[in-house]
Amino acid sequence: MFTRIDHVGIAVRDLEKSISWYETTFGLTVASQEVNEEQGVHEAMLSVADGPAGGSYVQLLEPTRADSPVGKFLARNGEGVHHIGYGVEDVENALASISATGVRLVDKRPRHGSMGASIAFLHPKDTGGVLTELVQAAKH
Ligand code: V0V
Ligand code: CO
């Protein structure tokens, strides 16, 4: 079902500082930077690699408000890995087949994600404590 690891989402307090650190330390470059009000994040995708199934990224996430998923996560855990995003070819098909196994969906329908992707989250309490995101990349 999964075509690649699309991204690893990391909760950060200061997006600009974290971007600089990833650029300086690992030589990564920013592929996109967006505010997603629905998700309550200001986020940046830093390109790690390109493959036949698409790119893979580190996604740095700064909350736009304290009562958002990333805001609550930071208050509880501090900075660190927040979620894993897996690439899928068809997010609606993937949601239907995962839901049929009994895993609770955070999103029953896809939402707007970074770089024009369609995304959907699975509930971490049903995925071994790992917040899991399905990512259908935009066609280009
Ligand atoms: C919360 N929990 C987590 C977690 N966040 N466990 C693992 N990883 C995480 N990231 C646990 C938390 O420790 C609690 O466990 C329980 O879930 C309930 O947490 P809560 O903070 O009280 O929050 P809820 O229930 O209000 O919300 C939890 C969910 C929420 C997962 C439903 O965070 C959510 O809707 N996440 C999906 C959206 C999202 O994360 N957006 C930001 C990235 P205990 O204490 O009960 O054991 S946006 C993005 O990635 C984009 C745009 C993209 O890639 O393009
Ligand atoms: Co993400």
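Residue indices begin at 1 and follow the sequence shown. Whatever order the structure lists ligands and atoms in, that order sets their numbers, starting from 1.
Around atom CD of Glu92, no more than 12 heavy atoms belonging to other residues, nucleotides or ligands sit under 6.0 Å away. Heavy atoms from other residues, nucleotides or ligands lying under 6.0 Å from CZ of Arg65 number more than 12. By the 6.0 Å contact criterion, CD on Glu23 is enclosed, its count of non-hydrogen atoms from other residues, nucleotides or ligands being greater than 12.
Every N/O-N/O distance between His112 and ligand 1 stays at or above 3.5 Å. Considering backbone and side-chain N/O of Gln39, one or more are found under 3.5 Å from N/O of ligand 1. For Asn36, no nitrogen or oxygen atom sits less than 3.5 Å from a nitrogen or oxygen atom of ligand 1, counting backbone and side chain alike.
For the residue pair Gln59 and Ser114, no side-chain donor N or O sits within less than 3.5 Å of a side-chain acceptor on the partner. Between the side chains of Glu34 and Gln39, no donor-acceptor pair of N or O atoms lies under 3.5 Å. Looking at Glu133 and His7, their side chains do bring a donor and an acceptor atom within 3.5 Å of each other.
Per residue Glu133, closest N, O or S atom to the Co ion (ligand 2): atom name OE1.
The protein atom (non-hydrogen) at minimum distance from atom 35 (O) of ligand 1 is Val106 CG1, 3.4 Å. When only non-hydrogen protein atoms are considered, atom 23 (O) of ligand 1 lies nearest to Lys72 NZ, 3.4 Å. Nearest protein heavy-atom neighbour of atom 33 (O) of ligand 1: Pro69 CB, 3.3 Å.
Within the 4.0 angstrom cut-off, atom 7 (C) of ligand 1 has one or more protein heavy-atom neighbours. Protein non-hydrogen atoms do reach within 4.0 Å of atom 10 (N) of ligand 1. Atom 25 (O) of ligand 1 lies below 4.0 Å from none of the non-hydrogen atoms of the protein. Protein heavy atoms are absent from the 4.0 Å sphere centred on atom 28 (C) of ligand 1.
Heavy-atom separations between Arg111 and ligand 1 are all 4.0 Å or longer. Within the 4.0 Å heavy-atom shell around ligand 1 one does not find Ala117. Contact between Glu34 and ligand 1 is absent, with no heavy atom of the residue lying under 4.0 Å from the ligand.
The distance from ligand 1 to the heavy atoms of Gly113 drops below 4.0 Å at these ligand atoms: 55 (O). Atoms of ligand 1 found under 4.0 Å from any heavy atom of His83, numbered from 1 in the order shown, are 43 (C), 50 (O). Each of the atoms 51 (C), 52 (C), 53 (C), 55 (O) of ligand 1 lies under 4.0 Å from some heavy atom of Ile119. Of all the atoms in ligand 1, the ones that sit under 4.0 Å from a non-hydrogen atom of His7 are 54 (O).
Checking each of Leu95, Asp90, Val91 against Asn93 for a side chain to side chain contact (heavy atoms under 4.5 Å, CB included) leaves exactly one that passes, namely Asp90. Considering Leu60, Ile10, Leu46, Val58 as possible partners of Ser18, the one that fulfils the side chain to side chain contact (heavy atoms under 4.5 Å, CB included) test is Leu60. For the side chain to side chain contact (heavy atoms under 4.5 Å, CB included) with Glu43, the qualifying choice from Val35, Val12, Leu61 is Leu61, the only one to do so.
Neither the backbone nor the side chain of Val135 has a heavy atom within less than 4.0 Å of ligand 1. Of all the heavy atoms of His82, the ones lying under 4.0 Å from any atom of ligand 1 are found in both the backbone and the side chain. If you look at Met115 next to ligand 1, there are no close heavy atoms at all, none under 4.0 Å. Residue contacts with ligand 1, taken as heavy atom pairs separated by less than 4.0 Å, involve Glu133 solely via side-chain atoms from C-beta onward. Using a 4.0 Å cut-off between heavy atoms, Ser114 contacts ligand 1 through both its backbone and its side chain.
Selection from His123, Arg76, Lys125 by nearest heavy atom to atom 21 (O) of ligand 1 gives Arg76. In this comparison of Gln59, Glu38, Arg104, the heavy atom closest to atom 49 (C) of ligand 1 sits on Gln59. Nearest to atom 2 (N) of ligand 1 by heavy-atom distance, out of Pro124, Gly129, Ser32, is Pro124. Proximity annotation for atom 37 (C) of ligand 1: of Phe121, Tyr57, Phe73, Phe121 comes nearest, heavy atoms only.
Between the side chain of Thr101 and the backbone N or O of Ser97, no donor-acceptor pair lies under 3.5 Å. For the pair Thr132 (side chain) and Leu122 (backbone), a donor-acceptor distance under 3.5 Å is absent. The main-chain N or O of Val41 is never found under 3.5 Å from a side-chain atom of Asn36 such that the two would form a donor-acceptor pair. A donor-acceptor contact shorter than 3.5 Å is absent between the side chain of Arg104 and the backbone of His123.
Annotation for Ser32 and Met115: closest pair OG-CG, 3.3 Å, computed over non-hydrogen atoms.
Here the Co ion (ligand 2) is the vertex; the NE2 atom in His7 and the NE2 atom in His83 give an angle of 90° (to 10°).
At a threshold of 2.8 Å, the Co ion (ligand 2) has no backbone or side-chain N, O or S atom of His82 nearer than that distance. Residue contact annotation: Gln59 places an N/O/S atom under 2.8 Å from the Co ion (ligand 2).
In this structure, Ser56 and Val48 have side chains that are in contact, with non-hydrogen atoms separated by less than 4.5 Å.
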